[in-house]
Every structure is written in structure tokens, then in C-alpha cells.
Amino acid sequence: MTSREEKYDLVVVGAGAAGLFAAIFAGRTGQRVLVLDGAKKLGAKILVAGGGRCNVTHDTVDPKDYAGGTPNAIRKVLRRFTVEDTIAFFANQGVELKREETGKLFPVTNKARTILDALLNACHDANVLIRHPQRVESILSTTDGYSISGEWGTIYSQRVILATGGQALPKSGSDGHGYKIAQSLGHSITERVFPALVPLILPGEHPLRTLSGLSFDATLMVKNQSGKLLHQTTHSILCTHFGLSGPGILDVSRYWRDAHEDNSHSSLLLNFFPHVPEEEIVNELLHGGTKSPRNILRKWHGERLVETILHLAGVDATGSCAQLTKKDRKSLTQTCCALKLPIQGDRGFTYAEVTMGGIPLEEVQLKTMESRTAPGLHLVGEILDVDGRIGGFNFQWAWATGFIAGTNPI
Ligand SMILES: Cc1cc2nc3c(=O)[nH]c(=O)nc-3n(C[C@H](O)[C@H](O)[C@H](O)COP(=O)(O)OP(=O)(O)OC[C@H]3O[C@@H](n4cnc5c(N)ncnc54)[C@H](O)[C@@H]3O)c2cc1C
């Protein structure tokens, strides 16, 4: 049981990537720092990240890799703690990072545990205390700081860093309670708070579901009701027993959901041939003569996928190109290059990697990540309205915001 008299210079609520980083840099300045986390097991999200290898950052990080806050605001934060700073931080902790072909950086050990251990060791070296499971239920403003309470009691601190994450993977401990705490201290939350980097569901009978386990490169396009292109990405996608996943789908999911909330007639279109100009497909089918459409499409994709494309287009797979009617060619080209996906929804926060929405960046001073409504309160990491695409961008956001709040003097 914590005694009522306990006082700290800084209490960090949440021992995820952003909270641990903030605590390390604050501890290094000699402040008395306590980190509280509600989870039984620390760093669950770090351990599952990047398929258990933890994709720590990306070799180039730019505001265009993020959504939520304005590019200008995101840039201001990211330039304070760069990719080079991340690499140097982990090198100083004895962890070498390697860059993979995709631009993603991982520890050379290929083990997320290496990253979590490095963070916990750095906390220890900076005299940071970590207590868990100690879930924080409420934070109240006092005359000289904050009182932080939970079932375990109440402690006092001059400053608080709220690093409770968003709502993705709630079993890791990030269940959205941090939003309520922030609201109680005068903050607002964006109108939309959704799962992002999340797989999408197709109807049970959709032919792509029968290809479970198959992955291929594709271009995905989100269009509004009038056909205006809202977002486009080209990346690998994976067919699954429930619908679609893989980096391309995860990246596009938040844009699809956002557009769908605006208007249910917005659409997600799939181009199976991102590296082949549409005219080439049209010409090949038009002048293919005795060749079968199947053979033409097999130049670019394997048999299972080609059969499914022909099935989706409703074209007789046994015929020749010469036998295709104009309507057949049109249907096949459209299926190849702009198949409308009848998405039924996403798989929710349980399967999401990150949260779209949160506390608007306008509500914090970007130089310190300090709240504009509650002096002495700082907000870092995923609790803020910023979400990055897949590739290490979300951790870079956590490192940068944690660093800024942690290095802020009392
Ligand atoms: C499966 C998966 C894979 C991912 N892979 C990658 C990747 O490879 N690269 C990448 O860049 N990003 C990845 N991400 C995203 C990344 O993990 C997050 O964006 C990042 O961890 C956010 O850090 P955070 O510290 O802001 O929040 P979190 O990591 O969510 O940490 C918040 C902490 O606060 C604690 N907490 C919450 N509420 C309370 C409370 N009331 N009291 C006390 N403690 C509380 C939680 O227990 C948790 O420990 C992945 C996410 C998931 C789910």
C-alpha cells in the first residue's frame, strides 16, 4: 500500500514505449520519477510489435507517413528526436539496429525483448521507479501539482506525463481509460476514435476469402461517393479466412473507415496489377486472339489468384480472348484494375495496431508536450491524435514525444 505522503517530481502514467522513454530522459536530469502501469506484464505491446521482432523505427520518417495532426505540427515534434537519435539511443544501451530492405529498423537480435530490456535497464540506470500492476483511476489537480489515485491509494506529484496509449490491443492494458482522465483535466477527444492498422472483413461468400494465406502486391484506393480519390497505397496484401490483411490493407484501413463514416457509399477499390499499366492489360485482352485470358493474366499472377479474378469478373475461363465480348473485356479489366471490395467492417481494437483519433495536437504545446488546459500535465505517444502507417512510424512518434516531455525541466 502506498502511503499518502508519497511525493514525486514526476509521475508517468503508462509504461509503454512513450512513457518509458519520457521517464528515462526525466530520470537522467535527476528528477524523482515514478512510472505506474496497470498491466501485470510490462511492455506487452513492445513484445508483440513487428511480429515479435519490434520494428523500432524507419530509415526515413516524414509527416506524410502520419495522419491525424497537421503535417506542420507532426514535423515540429519529429525533428526534435530523429531516427538517428533513436539509433544512437539504442546503441548507447548496447542495442544495434539493422535496416531491412523495406526501410524498417529492427534490433539485430530480431527479438523485441532486446528493446524492452534496453528500456527497462535505461530506467533502472536513471533511477526511475516502476510500479505495476497499479492502474490509475483518476488524476486531480492540487495546489502544487497532481494527486494520482487508484485502488492502491493516492500519491502526489509536481508533474504528470500521461502515456496511457490509445485503445488498440486492449488486453495489453491500453483500454482508453487515459482519454477519460485527460477529459477530466479539461481535454477533448476527437469526434472519431477508431481502430487503425486493422484487418478488414469481407462477406462470407467472397471469393478472396477462399485464397486464405495467399499474399500479393496490390494498389488500394479509397474513393468517395462521387469517385474522388481520397487515398491510395501500393503494398502487399494478404487474403485470410475472414477477409483481408497484410501491410497494404492495414495502411488503408483508417482511410476506408474515415471515408465510410462520412458516407457509406464511399468505396475501397483493389488493383491486382499495380505494376502493369491498365492499357497493357486492355491491349493484351483485345489482341490476344486464341490465347486464353487465363494465360495472359498468368504472366503476372499465380493460378489460384488468376482463377479467382476470372470468377470475380464472371468470365468463362475456358474460352479464348477472341471469344470475349466487349462487356466481358470491360468486366475483366475492371476486376483486374479496380475491383470494388464489399468491406463489411474492420476487426476492431482487439486486432488493431494503433488508434485513429485521440487528444488533438492543438491542445498541447509542442515544445514540451505540455497540456494547454492543465499546466504540469504532459501528453505523449498514442493517446494523441496521430497515427502512423506501418513500418516503425508509431514507435518513432512514441520516442519523439516521450523525449520532448521527459527532457522538459521542472
Ligand atoms: C500487435 C501490434 C504490433 C505493433 N507493431 C509495431 C511496430 O512494429 N512498429 C511500430 O512503430 N509500432 C507498432 N505498433 C504500434 C505501437 O506499439 C504503439 O503505437 C506504441 O506502443 C504506442 O506507445 P504508447 O506508449 O503511446 O502506448 P502503449 O504502448 O499502448 O502503452 C500504454 C501503457 O499505459 C498503460 N495504461 C493504460 N491505461 C492505464 C491506466 N489507467 N493506469 C496505468 N497504466 C495504464 C498500459 O498498460 C500500457 O502499458 C504495434 C501495435 C500492436 C498492437
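Throughout, numbering of the chain's residues begins at 1 and tracks the sequence. Both ligands and their constituent atoms are indexed starting at 1 by order of listing.
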Where is the nearest protein heavy atom to [atom]: which residue, which atom, and how far?
atom                    : result
atom 6 (C) of ligand 1  : Ala49 CB, 3.6 Å
atom 22 (C) of ligand 1 : Glu382 OE1, 3.4 Å
atom 48 (C) of ligand 1 : Asp37 OD2, 3.4 Å
atom 36 (N) of ligand 1 : Gly173 O, 3.7 Å
atom 27 (O) of ligand 1 : Gly165 CA, 3.3 Å
atom 15 (C) of ligand 1 : Glu353 O, 3.4 Å

| said: Counting only heavy atoms from other residues, nucleotides and ligands, does the tally under 6.0 Å from CD of Glu84 exceed 12? | reply: yes
| request: Take atom CZ of Phe216 as the centre, draw a 6.0 Å sphere, and report whether it contains more than 12 heavy atoms from other residues, nucleotides or ligands. | output: yes
Test of understanding: given a 4.0 Å heavy-atom threshold, classify the contact between [X] and ligand 1 as side chain, backbone, both, or neither.
X      : answer
Ala18  : both
Phe393 : backbone
Ala44  : neither
Leu169 : side chain
His177 : side chain

Looking at [X] versus [Y], is the centre-to-centre ring distance below 6.0 Å?
X      : Y      : value
Trp399 : Phe395 : yes
His187 : Tyr179 : no
Phe403 : Phe89  : no

| field | Nearest atoms (heavy-atom pairs only) where His378 meets Ala405 | value | CB-CB, 4.0 Å
| note | Here the pair of heavy atoms bringing Lys340 nearest to Pro342 is O-CD, 3.5 Å
Do ligand 1 and [X] have nitrogen or oxygen atoms that lie under 3.5 Å from each other?
X      : value
Val136 : yes
Ser174 : yes
Gly38  : yes
Gln134 : no

| Under 3.5 Å, is there a donor-acceptor pair between the side chain of Glu382 and the main chain of Thr355? | yes
| task | Ignoring hydrogens and angles, tell me if any N or O in the side chain of His301 forms a donor-acceptor pair with the backbone of Phe272 under 3.5 Å. | result | yes
If the contact criterion is a heavy-atom separation under 4.0 Å, does [X] count as touching ligand 1?
X      : value
Ala163 : yes
Ser172 : yes
Ala168 : no
Ala352 : yes

| query | Of the listed options (Gly176, Gly50, Gly392), which comes nearest to atom 5 (N) of ligand 1 when hydrogens are ignored and any heavy atom counts? | reply | Gly50
| note | Heavy-atom proximity to atom 16 (C) of ligand 1, picking from Tyr351, Phe395, Tyr179, points to Phe395
| Electrostatic pair Arg192-Asp262, nearest N-O below 4.0 angstrom | yes
| query | In terms of the angle between their ring planes, are Trp300 and Phe273 parallel, tilted or perpendicular, with boundaries placed at 30° and 60°? | reply | perpendicular
| CZ on Arg347 to CZ on Phe242, rounded to 0.5 Å | 4.0 Å
| field | Asp251: partners by salt bridge (Lys or Arg N to Asp or Glu O under 4.0 Å), with sequence neighbours left out | value | none
